[in-house]
Amino acid sequence: MTARRLPSGDFDVEQLTPGVRRPIKLRPWLIFAGVVVVAFFGLIFSRVSLDRSGFELDDLEEQIAIEEARRGDLRVEVARLQDPNRINAIAAEIGLVYPTVRIEIEVPGLDVEGIDPEFRWAQLKAVLTAQP
Amino acid sequence: MVLGVAFVVAWAGIGFRIVRVQGFEADKHAERGEQQRVRTEALTAPRGTIYDRDGVELAVSIDAVTVTANPSHMEDPAAAARLLAPLVGVPKSVLKERFTKPDSQFAYIARRLESAQAQEIRDMVEETEMAGVYFTSEPKRIYPAGDLASQVIGFVRDDDMAGLEGLEWKYDEALAGTPGQQIVERDPYGNPIPQGEFVVDPAQPGADIILTIDREISSAAQQILAQAVKDYNALAGTVLVMDILTGEVLAMVNAPTFDPNDRSDANPEAYRNRAVTDVYEPGSTLKVVTLAAALEEGVVTPSSILKVPGTLEVGDKEYTDVGRTKAKKMSVAEIVAKSSNVGTILIQDLLGNEKHYEYLSAFGLGQVASGDLPGEASGRLENVRDWCDTTCGPSTAIGYRVDVTPLQMASVFSAIANDGVLVEPHVVREVISADGTRQRYEPTERPVVSEETARVMRVLLQGVVESGTGSRALVDLYTVGGKTGTTEKFVPGEGYSEEDRIASFIGIAPIDEPRIVVAIVLDSPSGETEDGSDMRFGGVSAAPVFAAIAEAALHRLGVPPNVR
């Protein structure tokens, strides 16, 4: 006889027992269902978030357009304020006119070569500040 | 049982419909849905800006706000009209009529408002939760300097921003840019659907144009000209200020003028840029060409003495001088200073028609002076082959039989001021494309007379102001020179007017070291000054205008005084 006895303890006894059903393992299914639900809600959430972001972007773009328009208006306003005709009218209103009296100022040393410009400028300032 | 059958039939019907809509007709319905949501919208290209030489806007486009209504969405159209009317400046009754038209789904409330004004309406609409009011963006062209140089700049059509006059018309293609388009999915209220289809082909903005125009000189010129037209009872007038070294036009103004921002009351006559569109016979100012040609050809020198008769009969025409009837020995300098017609005719006779014509052509008469101004006339210079043997030469010598524009005459004097080199006058300095490419205008230059002839001519022109017909052109603190001109006005279909004159003065300042040429042309001035002088003469009406404008321009350019 060459047959050997099977080693005991290494096999599931039930496996060897015909006619007995194995119980269904619920855990993996529950995990799978959980993942599906989470993915579903995640998808909905991300979709809603994306839509919300889209609306926010749209609002921001509208705001940008309004600010751009305002910038354009301000640019025009600056150009209008710089209009020489407007400035002339204001100048005339407040009594600014071209001087009618001609004042000639003699600056000493203007025709002398080699004088330091700083010194000449100081002289010029002194002459100018002495004017009425 | 019956109920069960009915239930099954109902569900079968619904099922059939679902299969039909979702299956067989799916493509058709999807397409219809897409047509409702997906819109192809044109994107207007922002029109380029026109700047003055210092980079200040003269014509600029802004995004204006147009307010519209869908009356069918309005809960109370009458109340809406009452609240909106004071904000948009439209009578309440008018708005109410627009809102209550049967089956109306669209009405304008206000078009092209500036954003500040539109914001007031937005605030009110939000505050009152008014339904059926919508805001859209529309481009609007603004001219911040109003009527300043408006004939040069021109204007656009409000609806489509197409250039109609002036540089707006001439450079319309460059300024307009290229429109783009966007494909976008929108909900029934016109809001973009997030994550919907969105494809943009952006618009290419128009090019910017930098002019040579100086706003301050133009403003001074415009005010002085307007006052002169009024004081001298003229019909119209035009002024040009040119930089002689570069050919840049610093000011080109006309009277009457108009405000391109509001053309509702403008006279279309005021749209014309008379400096380039109107031709006139230049009269004595053209003697400059006759004299310069004679000096250049060595026919005369400034000190040459000529015996000038009191009158000169040529063919059927008698030529005379103003204020002189007796023969007199006159130097060339005196002939210029006193603007002697007879003396100039004698000099032209020595020069000959052929040579005279050669110089008239070389100075650019009979050809457009500049390439960048719309409607520019070339004037008229008859070919010398067609000149008659009698009066043609003499009349041309004193500025008749030749039609010129004020710009052409300014260009002639500019060549004299610029040592005999004629630089092409121009108003556009640079065109800057949307991609930043700068295209600078390069004016052509050509010598017309020698430096020495130009220098001598300047001395002669100084004599006109200091001891001749142009004494009213004297400018305080600066030496100036110039030439007066007075011609009988030619009225098409009627011939020469008995009364009306074209008075002009064209001068150079400072005459010792020239910087600018100022040309003034007044159409039909009339009346007398306090000292009894006839305002129809250029020396009386146009010369003082030159003095005032030249002084303002020299101050603005920072040219130091050269007279103590």
Side-chain angles (χ1 to χ4, degrees), chain A residues 43-93 96-108 110-111 120 124 127-128, chain B residues 46 49 51-52 54-65 113-119 122 135-148 184 186-187 191-196 198 214-223 226 259 261 476-477 548 551-552 555-556 561 564:
Chain A
L43 194 70
I44 288 174
F45 177 77
S46 61
R47 184 86 189 181
V48 169
S49 298
L50 266 173
D51 282 359
R52 191 177 292 142
S53 301
F55 283 120
E56 279 170 12
L57 272 174
D58 198 42
D59 286 348
L60 281 174
E61 272 170 16
E62 195 179 321
Q63 199 59 36
I64 288 168
I66 291 171
E67 295 302 330
E68 285 280 349
R70 193 168 292 160
R71 191 181 72 91
D73 285 357
L74 290 173
R75 193 175 156 206
V76 172
E77 193 57 30
V78 169
R80 276 181 185 148
L81 291 171
Q82 287 178 332
D83 181 8
N85 289 343
R86 191 192 76 89
I87 294 168
N88 279 344
I90 294 170
E93 246 175 53
L96 292 176
V97 290
Y98 281 106
T100 50
V101 182
R102 181 173 155 182
I103 301 170
E104 289 191 17
I105 303 168
E106 283 290 336
V107 182
L110 265 185
D111 49 352
R120 189 170 284 171
L124 182 62
V127 172
L128 288 172
Chain B
T49 302
Y51 296 97
D52 77 347
D54 297 317
V56 179
E57 291 89 346
L58 292 173
V60 61
S61 289
I62 60 164
D63 274 334
V65 182
L113 300 175
E114 290 188 19
S115 65
Q117 198 183 353
Q119 192 57 45
R122 275 183 216 276
F135 297 86
T136 54
S137 175
E138 270 193 302
K140 183 181 182 182
R141 198 69 165 162
I142 302 267
Y143 302 91
D147 61 1
L148 194 73
V184 60
R186 292 191 183 276
D187 67 16
N191 303 310
I193 298 171
Q195 300 174 67
F198 189 66
D214 183 293
R215 291 207 320 173
E216 291 188 25
I217 295 175
S218 297
S219 170
Q222 191 153 308
Q223 286 183 24
D259 184 352
N261 294 304
D476 199 21
L477 301 179
E551 187 177 21
H555 285 169
R556 162 69 176 154
R564 296 196 64 195

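In what follows, chains are A, B, ... by sequence order, proteins preceding strands, each numbered from 1.
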- Decide yes or no on side-chain contact (heavy atoms from CB on, under 4.5 Å) for Glu57(B) and Val78(A), but give the supporting numbers first. CA-CA 9 Å; Glu57(B) 291 89 346; Val78(A) 169; over 6 Å; no
Note, [X] side chain near [Y] side chain (heavy atom, < 4.5 Å):
X	Y	value
Glu68(A)	Asp63(B)	no
Arg80(A)	Ile142(B)	yes
Ile62(B)	Arg75(A)	no

Indicate the atoms forming the closest heavy-atom contact of [X] with [Y], along with that distance.
X	Y	result
Asp83(A)	Ala145(B)	OD2-O, 4.0 Å
Ser219(B)	Asn88(A)	OG-ND2, 3.7 Å
Pro84(A)	Arg215(B)	CG-O, 3.6 Å

- Item | Phe45(A) CZ: over 12 foreign heavy atoms closer than 6.0 Å | no
- Residue Arg52(A) versus chain B: region with a heavy atom under 4.5 Å: neither
- Message: Less than 4.5 Å to any heavy atom of chain B: does that hold for the side chain of Asn85(A), its backbone, both, or neither?
- Response: both
- What residue, out of Ile87(A), Asp58(A), Leu81(A), has the most heavy-atom pairs lying under 4.5 Å from chain B? Asp58(A)
- Message: Using a 4.5 angstrom heavy-atom cutoff, name the option from Ala79(A), Ser53(A), Gly72(A) with the most pairs to chain B.
- Response: Ala79(A)
- Message: Quick check on Ala118(B) against chain A: is it the side chain, the backbone, both or neither that has a heavy atom closer than 4.5 Å?
- Response: neither
- Contact part of Tyr51(B) toward chain A, heavy-atom cut-off under 4.5 Å: side chain, backbone, both or neither? side chain
